[in-house]
Amino acid sequence: MTDAPHGAARAGRRGAATSPLPAAFFDRPPQVVARELLGAVVVSELDGVRTAGRVVETEAYLALEDPASHGHGARRSARNAAMFGAPGDWYVYRIYGMHWCANLVCEPEETASAVLLRALEPLEGLDTMRARRGLATGRDDRLLCAGPGRLCAALGITRALDAQPMAASAVRVLAGAPVGPVRATTRVGITKAADLPLRFVVDGSRWLSRG
DNA sequence: GCGCCGATTGGCT
DNA sequence: GCCAATCGGCGCC
């Protein structure tokens, strides 16, 4: 079966009975949440199809003090309104007019901090992921969920999720097995506050959007 | 109102 | 490695 999970990452299945991460998990600074989200399992049940992946790369976006964040200066707009919502809410926005980026809101309401999901290790529904991504059933599944836009496409995530409480939505995040060493690096693709080590990766994972 | 730019991706030189 | 695709937000006229 081509949808067989990869390697050790069966935590999602074993923990299938586990409930979504609680709001309290997200009611902490985004850099803490970003690090601890590594290893969590994202399960999508959109379009009546189940797809799932394990988080291997995240980025933290702070509120007021982070010029790279959409929450910078607490400026509210139609796009970033969800960022001001409750911890554990989805914040999904469109980037470059064509791709979706999925975040989980952190800290109390009105704080406007979040964690961006940047890469997943594909676990379930790989055929569906390939179809959604327009990739042949051929090789290199490494590109399926390696990047914020790619993982959203693979899981079927769109603005429809925006501002929804994750735990009650069609895409839930479950606690996963512990991961290996975590490495912190600078964030990808930003020009402001580009020196802050707010990107977290499972060191050595082959599923990262970049090393 | 106008123009520029972005938490990206994929295709081509 | 370079660049187009594509569009809402934001700065500035």
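Letters go in sequence order (proteins before strands), and every chain restarts at 1. Remember, it's a predicted structure, so these values are computed and weren't measured experimentally.
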Discussion item. Whole angstroms only, please: what is the CG-P distance between A:L116 and B:dG6?
Written reply: 16 Å
Worksheet item: Separation of A:R210 atom CZ from B:dA7 atom P, in whole Å?
Response: 14 Å
Worksheet entry | Salt bridge flag under 4.0 Å for residues A:R206 and A:E121 | no
Worksheet item: Of A:G189 and A:R150, whose closest DNA chain B nucleotide lies nearer the 5' terminus?
Response: A:G189
Worksheet item: Which whole-number value in Å describes the distance from A:H99 NE2 to B:dG11 C1'?
Response: 12 Å
Discussion item. Please report the distance, rounded to the nearest Å, between NE2 in A:H72 and P in B:dA7.
Written reply: 12 Å
Item to complete: With the side chain of A:R118 defined as its heavy atoms from C-beta on, choose the nearest nucleotide among B:dA7, C:dG9, C:dT6.
Response: B:dA7
Worksheet item: If you check every side-chain atom of A:S77, which of C:dA5, C:dG9, B:dA7 has the closest atom?
Response: C:dG9
Response to the item:
When rounded to whole Å, the NE2 to P distance for the pair A:H70 and C:dC10 reads 9 Å
Worksheet item: Does NZ or CZ of A:R35 come closer than 6.0 Å to the centre of the six-membered ring of A:F200, within 45° of the ring's axis?
Response: no
Worksheet item: Atom CG of A:N80 and atom C1' of C:dC10: how far apart are they, to the nearest Å?
Response: 12 Å
Practice prompt. Would you confirm whether A:R133, through its side chain, and A:L143, through its main-chain N or O, come within 3.5 Å as a donor-acceptor pair?
Written response: yes
Worksheet item: Looking across every strand, which nucleic acid part, if any, lies under 4.0 Å from A:R159 by heavy atom: base, sugar-phosphate, or nothing?
Response: nothing
Worksheet, complete the sentence: Checking B:dT8, B:dA7, C:dG9 against the side chain of A:I190 (C-beta onward), the nearest is B:dA7
Worksheet item: Quick one: which of C:dG11, B:dA7, B:dT8 gets closest to the side chain of A:R75?
Response: C:dG11
Worksheet item: Hey, which of these two, A:A78 or A:I95, hits DNA chain C nearer its 5' end, going by closest nucleotide?
Response: A:I95
Practice prompt. Identify the residue among A:Y93, A:Y61, A:Y91 that makes a side chain to side chain donor-acceptor pair (under 3.5 Å) with A:H70.
Written response: A:Y91
Item to complete: Measure from the side chain of A:R79, starting at C-beta and using heavy atoms only, and say which of B:dT8, C:dG9, C:dA5 lies closest.
Response: C:dG9
Worksheet item: Looking only at atom P, what distance separates B:dT13 and C:dA5, rounded to whole Å?
Response: 14 Å
Worksheet item: Between C:dG9 and A:R94, is there an OP1 or OP2 to side-chain N/O distance shorter than 4.0 Å?
Response: no
Fill in: Interatomic distance at C1', C:dG8 relative to B:dG10, whole Å
22 Å
Worksheet item: What nucleotide among B:dG10, C:dG9, B:dA7 has an atom nearest to a side-chain atom of A:Y93?
Response: B:dA7
Worksheet item: Just checking A:N103: base, sugar-phosphate only, or nothing, at a heavy-atom cut-off of under 4.0 Å?
Response: base
Worksheet item: Can A:Y96 be classed as stacking with the base of C:dA5, given a centroid separation cut-off of 5.5 Å and a plane angle cut-off of 30°?
Response: no
Fill in: Lys/Arg cation over aromatic A:W100: A:R94, 6.0 Å, 45° cone
yes
Worksheet, complete the sentence: In Watson-Crick or G-U wobble terms, with both distances under 3.5 Å, the base opposite C:dT6 is none
Worksheet item: Whole-Å distance between B:dA7 P and A:L104 CG?
Response: 18 Å
Worksheet entry | Among C:dT6, B:dA7, B:dT9, the nucleotide that comes nearest once only the side chain of A:M98 is considered | C:dT6
Discussion item. For residues A:L120 and A:V33: do they belong to one hydrophobic cluster (side chain heavy atoms under 4.5 Å, members Ile, Leu, Val, Met, Phe, Trp, Tyr)?
Written reply: yes
Practice prompt. Specify the separation, in whole Å, of atom CD of A:E59 and atom C1' of B:dG6.
Written response: 14 Å
